[in-house]
Amino acid sequence: MELHRCYYSWFLLSALFITVAFCDPDGFLSLSCGENTTYVDSSNITWTPDGAYISAGDVATVHFQEGSSPSTLPVRFFPDSLLRKCYKLPVKNVSSLVLVRTQFVYKNYDGLNKPPAFSVSLGRAITTTVNLSNTDPWIEEFIWTVDKDIVSLCFHSLTNSGFPVISSLELRPLPQGAYIDALGDFPNKMLRKCYRVNCGYNWSLRYPIDLYDRIWDADEDFSPFHVSSGFDIQANFNMSVLKESPPAAVLQTGRVLARRNDMTYNFPIDHQGDYHIVLYFAGILPVSPSFDVLINGYIVRSNYTVNRWEVSSLFFTMKGIDSLNITLKTVHYYPIINALEVYEILEIPLETSTTTVSALQVIQQSTGLHLDWEDDPCSPKSWEHIECEGNLVTSLELSDVDLRSISPTFGDLLDLKSLDLHNTSLAGEIQNIGSLQHLKKLNLSFNQLTAFGSELEDLINLQVLDLHNNSLQGTVPDSVGELKDLHLLNLENNKLQGPLPQALNRESLQVLSSGNLCLSFTMSLCNDFSKNPTIETPQVTVFTPTKRKSHKRLAIILGAVGVAIVALFLIFISVFLYMRRRKSGDTYASRTAAEMKNWNAAKVFSYKEIKAATNNFKEVIGRGSFGSVYLGKLPDGKQVAVKVRFDKTQLGADSFINEVSLLSHISHSNLVSLEGFCHESKQQILVYEYLPGGSLADNLYGAMSKKLTLSWVRRLKIAVDAAKGLDYLHNGTEPRIIHRDVKSSNILLDADMNAKVSDFGLSKQVTQSDATHVSTVVKGTAGYLDPEYYSTRQLTEKSDIYSFGVVLLELICGREPLSHSGSPDSFNLVLWAKPYLQAGAFEIVDESIKGTFDTESMRRAALIASRSVERDALRRPSIAEVLAELKDAYSIQLSYLASEGLAN
């Protein structure tokens with residue numbers, strides 16, 4: 001008894017000391033939901049109102065009885081059940097381990113006596129379903145290695161189940177390396193607390209006893225007939241061996257068998273799943289007991305010994321269990337256990353690709369709609385107007401908005417299977433969809449489209465094509481008939497005429513064609529010919545009834561003959577024009593192929609040679625909207641990068657021919673050189689020199705970034721090299737060349753980390769020496785696209801300057817142009833970084849290079865980057881100015897390194 005009295009005296013003194021020494025530790029966030037004032041609780045934790053972290057919801061007060069005294073508690077509830085409601089919680093360090101604890105209280109605050117049920121999500125994962133009919137209050141705890149600096153905790157209403165309601169929300173940092181046996185190095189796992197038990201103690205413990213504010217419950221409800229024993233052991237144990245850092249007070253008590261038999265804990269589990277179990281042991285007995293550990297009757301550790309004056313732990317992961325009991329079976333002396341934790345392992349859905357997210361963000365901006373498009377498009381639930389399969393966006397429906405054209409950004413949604421843009425004011429030809437190889441359903445009805453364009457033939461998996469109620473003119477191209485999986489083609493109410501492709505005349509395909517001028521599978525008269533508003537029906541003389549019937553019959557015959565002649569004439573003209581157009585296309589293709597073979601600067605490869613060089617296209621080293629890049633080896637042993645375009649449309653062919661033409665006539669050490677090409681049997685293959693260093697994007701964000709961090713001087717050297725390449729394009733060639741797709745993934749590095757600009761498929765030549773711009777269809781990549789070019793359609797060299805300015809910002813800040821982590825005002829790199837850099841505030845510089853750069857070097861690079869991304873193109877510098885400033889910044893950094901005695 002005296003021993004216990006001394007122990008508890010020490011316990012209270014320790015608690016008092018820790019309370020004073022560790023007031024509201026760094027990283028603690030405690031929100032009182034619905035509260036409007038800040039207060040400090042009895043544990044010296046500061047609680048703040050939640051209004052700054054959420055913009056939705058109403059506030060109410062819960063009245064309840066606490067002991068003999070009435071008490072009140074504020075809550076926040078969400079009566080608008082249509083959209084998810086999210087708290088945005090800041091995290092100090094990305095990749096840190098955090099505990100998130102929420103408490104939900106109903107207590108009939110609304111007087112309706114109808115406790116709600118709703119789902120809760122954390123980040124991308126639906127973590128639990130709260131049902132306050134079963135338990136009120138309801139507390140949830142999660143342990144998560146966060147992957148963004150803002151944690152989203154969201155509520156999702158269930159049909160006819162009332163409004164979500166919450167009373168408190170807590171965020172606590174945990175020791176790094178804790179629970180690694182469950183979470184490991186995998187970013188797609190989190191833990192949901194089921195039980196955390198302080199064995200041999202009859203009250204719950206938390207902060208300040210546990211510095212991380214975990215709640216340790218008493219074990220009396222789970223382990224009857226055991227005897228507890230408490231010992232003061234803080235001076236005798238090395239606690240650092242336990243990565244989870246349980247408090248010493250928890251290990252100072254334990255459950256010990258009263259008799260020589262088994263000790264069993266039974267834990268109810270509400271559903272089948274995977275569970276992580278942690279058992280803690282401390283040698284607080286004067287002996288060293290040994291025992292077997294059994295889970296659900298199976299031995300998971302045999303003859304485990306708890307050594308005197310040592311602490312230890314065991315970890316187990318049990319998959320697919322629906323019940324849990326933990327048994328310690330005596331081997332030598334009496335089994336002892338000091339604490340344990342049980343967690344459900346939750347899967348975190350994979351993140352949607354940044355390319356897809358960036359494209360959707362640009363599309364949203366172009367629609368002008370205020371959509372609930374936050375966080376990840378697919379998880380925890382799909383955005384409105386979007387459907388997903390896993391982390392792939394497979395369906396987009398944006399009807400009844402003013403798009404006017406299908407922008408190039410749509411081509412980045414490579415996983416789309418369904419695209420619905422009906423009634424979106426589209427005009428002109430169908431474009432920018434050729435890369436959507438998985439598309440099965442395309443609805444472009446109720447628009448003002450006038451031409452099919454050349455990209456439909458690339459949609460090889462298309463099953464439904466709905467183009468009714470447009471203004472399509474001319475004939476239906478043969479390429480539509482080549483869509484082998486098509487089973488519904490709706491062409492109703494257009495201005496089409498002439499023969500339908502015979503390939504469309506098959507049983508598996510339904511073609512709807514009414515409401516056109518004249519569409520038919522046969523060369524005979526169209527049924528709707530008489531309804532043609534643009535061709536007058538031939539006039540026929542009708543004799544009076546006093547004439548003979550033979551005259552009447554003659555008039556009818558003459559009328560029919562006249563109609564037939566006109567019909568045959570129209571069919572003849574249509575066939576003639578079609579054959580002429582087809583012949584012209586064939587002539588153009590053959591002439592182009594012949595011209596390309598005469599370009600002596602690039603070797604012409606046969607398709608057979610390409611297959612041999614790539615070992616039948618075995619090793620993929622890159623993918624993009626153009627197709628795939630394969631590693632190849634020429635007969636002389638030289639390694640090459642082989643780019644195989646899947647875009648076989650006229651636009652794709654033009655891009656292919658454009659790239660071959662440009663690279664066959666230019667040469668510079670900072671431009672990727674073309675080894676040759678293949679242009680046979682509709683193959684569009686480019687063979688480049690192979691650059692083993694990967695792209696700049698790979699080195700900043702991809703797998704290569706984990707192997708080698710780019711130093712500041714190396715980044716400047718890359719920037720100088722790329723600027724030299726662009727300077728050659730802008731000023732060293734005649735005609736001048738505008739690249740039109742400058743981005744970090746198009747800057748490639750050789751083995752010595754020298755940079756070269758690549759991918760000239762979208763490049764534009766300015767043939768007139770005095771021309772100020774080229775009017776053209778907007779092409780480029782979201783995040784790098786010059787806003788002035790986008791709005792005016794007028795392309796200049798300053799468009800390349802803007803894109804290169806974005807690359808410079810990437811080099812300085814170490815982040816991508818479009819991001820969905822952090823606050824909304826930081827999503828766009830240009831808008832976020834520019835004010836800081838102009839003011840010389842370098843706190844946004846990439847963490848990996850802080851403390852390694854000369855301030856003047858960084859200032860020069862930051863200012864030229866800021867000037868390059870000015871919205872007004874006239875205020876942007878020329879590439880020659882950019883190159884000069886970068887060279888100066890590079891020289892200054894080299895001098896700084898030399899003076900400091902540092903390596904490059």
Side-chain angles (χ1 to χ4, degrees), residues 593 595-624 626-647 652 655-699 702-704 707-708 714 717-718 720-722 724-726 728-729 732-733 737 739 741 743-761 763:
E595 290 175 356
M596 292 172 71
K597 290 180 180 179
N598 289 328
W599 294 337
N600 296 323
K603 179 181 177 181
V604 180
F605 290 95
S606 68
Y607 186 64
K608 183 178 180 180
E609 289 175 306
I610 295 294
K611 289 183 68 176
T614 59
N615 195 10
N616 202 20
F617 305 101
K618 181 179 181 181
E619 185 175 350
V620 179
I621 58 175
R623 282 192 174 92
F626 58 83
S628 299
V629 181
Y630 302 88
L631 182 63
K633 182 182 286 187
L634 299 180
D636 62 3
K638 185 175 184 179
Q639 286 189 312
V640 290
V642 179
K643 180 162 70 172
V644 181
R645 288 181 175 269
F646 63 65
D647 183 2
S655 175
F656 172 78
I657 294 165
N658 186 50
E659 189 155 3
V660 175
S661 174
L662 284 175
L663 291 175
S664 296
H665 294 92
I666 61 176
S667 178
H668 190 271
S669 59
N670 296 116
L671 300 179
V672 173
S673 63
L674 183 70
E675 296 291 330
F677 64 93
C678 172
H679 192 241
E680 65 178 46
S681 302
K682 281 197 170 183
Q683 297 296 333
Q684 298 173 8
I685 301 174
L686 295 165
V687 182
Y688 297 100
E689 63 173 316
Y690 173 63
L691 297 176
S695 71
L696 175 57
D698 292 335
N699 283 268
M704 291 183 178
K707 300 177 183 177
L708 178 66
R714 181 67 69 186
K717 175 62 165 57
I718 291 170
V720 169
D721 286 347
K724 287 179 179 177
L726 288 176
Y728 175 78
L729 294 177
T733 64
I737 298 171
H739 188 283
D741 199 18
K743 55 185 177 182
S744 57
S745 59
N746 281 342
I747 297 174
L748 305 183
L749 308 177
D750 66 14
D752 298 319
M753 302 298 281
N754 298 307
K756 302 190 179 192
V757 179
S758 71
D759 203 340
F760 295 83
S763 299

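Nothing here was measured: the structure is a model prediction, and the numbers come from that model.
Taking every heavy atom of both residues into account, Lys724 and Asn670 meet most closely at CB-OD1, 3.4 Å. Residues Ser744 and Ser695 come closest through the heavy atom pair O-CB, 4.0 Å. Taking every heavy atom of both residues into account, Leu631 and Gln639 meet most closely at CD2-NE2, 4.0 Å. Across all their heavy atoms, Cys678 and Tyr607 have their closest contact at SG-N, 3.6 Å. When all heavy atoms of Ser758 and His739 are compared, the pair lying nearest together is O-NE2, 2.8 Å. Closest approach of Asp721 to Met753, counting heavy atoms only: OD2-O, 4.5 Å.
For the atom pair CG of Asn754 and CG of Leu748, the computed distance is 12.5 Å after rounding to the nearest 0.5 Å. Note that OH of Tyr688 and CG of Leu674 are 6.5 Å apart. Values are rounded to the nearest 0.5 Å. From Leu686, atom CG reaches atom CD1 of Ile610 across 9.5 Å, with rounding to the nearest 0.5 Å. Here Leu749 contributes atom CG and Arg714 contributes atom CZ; the two are 9.0 Å apart, rounded to the nearest 0.5 Å. A distance of 8.5 Å separates CD1 of Ile718 from CD1 of Ile747, quoted to the nearest 0.5 Å. Distance check, rounded to the nearest 0.5 Å: CZ of Phe617 to NZ of Lys611 gives 7.0 Å.
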- Message: Let's go through Phe677 and Val604 carefully: what are the C-alpha distance in whole Å and the side-chain angles of both, what is the deciding distance for side-chain contact (heavy atoms from CB on, under 4.5 Å) to 0.1 Å, and is it a yes or a no?
- Response: CA-CA 5 Å; Phe677 64 93; Val604 180; 3.6 Å; yes
- Message: Checking Leu634 against Phe605 for the side-chain contact (heavy atoms from CB on, under 4.5 Å) test, could you report, in this order, the C-alpha distance in whole Å, the side-chain angles of both residues, the deciding distance, and whether it holds?
- Response: CA-CA 11 Å; Leu634 299 180; Phe605 290 95; 3.8 Å; yes
- Step-by-step side-chain contact (heavy atoms from CB on, under 4.5 Å) determination, Ile621 to Tyr690: CA-CA 10 Å; Ile621 58 175; Tyr690 173 63; 3.9 Å; yes
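With contacts defined as side-chain heavy-atom distances shorter than 4.5 Å, the pair Glu689/Val672 qualifies.
Judged purely by atom type and a 3.5 angstrom limit, Asp750 uses its side chain to pair as donor or acceptor with the backbone of Asp752.
Salt bridge annotation for Lys643-Asp759: present, with a cationic side-chain nitrogen under 4.0 angstrom from a carboxylate oxygen.
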